[in-house]
Amino acid sequence: MSAPAPTAPPAAPPTATRVLEFADVARQFPDGTVALEGVDLTIDRGEFVTVVGPSGCGKSTLLRIASGLDAASAGSARVDAERIGYVFQDATLLPWRSVKKNVELLAELHGMSRTATNQAALDAIELVGLRGHEKKLPRALSGGMKMRASLARSLTLDPDLFLFDEPFGALDEITRERLNDELIRLFVAKGFGALFITHSVSEAVYMSTRVLVMSGRPGRIVESFDVPFGSDRTPELRFTPEFAKLAGEVSHALREGHS
Amino acid sequence: MTATLETPTTTPVAAGTTPAPVVRRRRGRRAVNLVLPVAVFAALLGVWYAITYLVLDPGRRFLMPAPHTLVTDALLDPTITDKVWPALGRSIVVTFTGLAIAIVIGMLWAIAMSQSKAVESSLYPYAVALQCIPILALVPLIGFWFGFGFPSRVIVCVMIALFPIVSNTLFGIQSVDRGHHELFTLHKAGRTTRLLKLQLPAALPAIFAGFRISAGLSVVGAIVGDLFFKQGEPGLGILLSNFSSRLQGAPLFFTIVVTAALGFAVFFLFGWLSKLVVGSWYDQSRDR
Ligand SMILES: Nc1ncnc2c1ncn2[C@@H]1O[C@H](COP(=O)(O)OP(=O)(O)O)[C@@H](O)[C@H]1O
Ligand SMILES: [Mg+2]
């Protein structure tokens with residue numbers, strides 16, 4: 001069990017492009033709930049930013065604003081991405097479509113040609129390891145496979161910015177850790193910018209180049225940690241002292257924010 | 001006209017259950033499912049024979065002719081079947097013409113309402129009115145306006161069969177999962193795309209539940225129309241009325257059985273179609 005040497009964050013493409021820039025973003029709902037306040041956040045391609053925080057602290061609201069499903073009530077929320085991938089905790093597959101057809105959905109909505117859609121879907125299915133399951137309906141898939149299909153669906157768009165709202169929260173630990181590794185592999189290969197929400201400190205530290213800790217009421221980012229591990233992360237990393245130390249610091253910040 | 005809205009429930013993935021007792025219980029249930037109905041049917045036939053031969057005196061047996069006489073005095077009597085089969089054919093044509101028109105109008109109506117709150121609030125009251133006004137009260141008016149032939153019969157069918165299609169289609173479209181809607185919003189899907197790729201497919205189980213109810217109602221409409229408009233080519237309704245006024249017991253009962261069979265046939269036809277179209281992804285056993 002060798003500790004991976006702390007190296008530079010996963011190779012960002014030479015022309016690091018900013019995909020998301022939030023300055024002093026706030027979101028107050030009509031009922032008066034202040035879900036976000038004073039949020040400053042930038043994400044470049046090749047950055048994997050994870051947000052941890054207690055439930056109800058505004059994490060989903062942050063993603064919804066980034067995706068355009070919701071709008072900031074104050075501050076500036078700029079997103080500079082041609083295509084955005086958004087993976088929800090629920091895989092949101094259409095139950096009447098086969099895996100292949102589900103994966104093709106977004107490409108269809110974006111008006112890609114028949115042949116391009118088909119090819120993008122086949123590539124994405126290959127990438128997430130669902131080869132051989134193309135014809136299955138969602139109800140025949142396990143939770144992990146559904147999430148792979150959901151991931152593949154977004155991958156067909158080759159997004160510049162990927163948003164993940166607790167995507168693996170409902171999965172068992174083994175499946176979750178395997179998908180963590182596959183997502184890192186995809187991230188290294190594609191170099192998109194990612195904003196990833198999770199409840200798990202271990203998952204946050206394992207996946208990211210940067211971990212943000214949020215506290216609730218009003219939702220604010222209270223601390224930011226740069227993660228020094230390289231792009232060649234393996235499951236053994238979770239058992240190294242460096243990993244434990246950083247996870248401990250994040251947990252501590254989480255508790256501080258909570259009180 | 002009672003149950004008009006079948007609620008399709010989403011089916012949570014069954015958690016790992018212990019298989020053995022379930023299988024045993026299911027096998028037991030299947031046996032019960034077969035034995036009990038057969039026993040009840042036999043008992044009913046017994047009661048029927050008892051009434052015919054023990055209760056009624058011979059001169060009044062036409063009131064309840066013995067079951068086998070439905071075969072001997074009707075099914076095997078060409079003078080009867082020469083009337084019944086063509087009448088059945090005409091009633092089938094009326095039923096399906098009415099049902100087809102009800103399906104087209106009902107779905108367009110529901111789709112229009114699903115696309116705008118303003119349309120919904122201005123058109124929904126008429127759907128409810130259709131359900132509340134006893135259609136039978138309007139039948140004479142329909143005859144008065146449209147004559148006593150085929151068109152009037154079809155109009156009665158349409159009016160009786162329309163509501164379940166409107167309400168089920170609308171309900172189905174409005175029950176689309178919010179997460180799915182957001183997915184489509186996120187990727188800037190237009191109205192038509194959303195309707196064709198999301199709302200209508202998602203609503204199919206509810207829509208078929210509506211078809212199944214309406215198909216039965218449409219048969220009722222065809223018979224009722226016949227009974228009122230006693231002109232033109234006779235359908236099953238007119239035959240029922242004729243056989244009863246001429247005290248032809250066996251042919252009357254035989255025609256009732258044929259009419260009932262038509263009702264069962266359309267109900268099961270739509271159950272089968274529904275299974276064919278949505279059965280692979282939608283678990284229908286849940287909303288029976
Ligand atoms: N549409 C809304 N209207 C009013 N309050 C909302 C709305 N959406 C979320 N909230 C509130 O905003 C806060 C943050 O919600 P959310 O972003 O979903 O939290 P998280 O994802 O961190 O659990 C919660 O208190 C929630 O109740
Ligand atoms: Mg959330």
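First the proteins, then the strands, lettered A, B, ... as listed; each starts at 1. All values reported here derive from a predicted model rather than from experimental measurement.
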What part of [X] gets within 4.5 angstrom of chain A, counting heavy atoms only: side chain, backbone, both, or neither?
{"X": "B:R178", "result": "side chain"}
{"X": "B:K188", "result": "neither"}
{"X": "B:L198", "result": "both"}

With a strict 4.5 Å heavy-atom criterion, list every residue of [range] that contacts chain B, or say none.
{"range": "residues 87-106 of chain A", "answer": "A:F88, A:T92, A:L93, A:L94, A:P95, A:W96, A:R97, A:L105, A:L106"}
{"range": "residues 62-70 of chain A", "answer": "A:R64, A:S67, A:L69"}
{"range": "residues 79-86 of chain A", "answer": "A:I84, A:Y86"}
{"range": "residues 160-175 of chain A", "answer": "none"}

A:E108 side chain reached by B:T193 side chain, heavy atoms, under 4.5 Å
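No, side chains not in contact.
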
More than 12 heavy atoms of other residues, nucleotides or ligands under 6.0 Å from [atom1] of [X]: is that the case?
{"X": "A:R210", "atom1": "CZ", "result": "yes"}
{"X": "A:F29", "atom1": "CZ", "result": "yes"}
{"X": "A:R78", "atom1": "CZ", "result": "no"}

Just give me the residue among B:A189, B:P201, B:G179 that pairs up with chain A most often, heavy atom to heavy atom, under 4.5 Å.
B:P201

First locate atom CG of B:L186, then atom OG of A:S154, and finally report the distance between them rounded to the nearest 0.5 Å.
8.0 Å

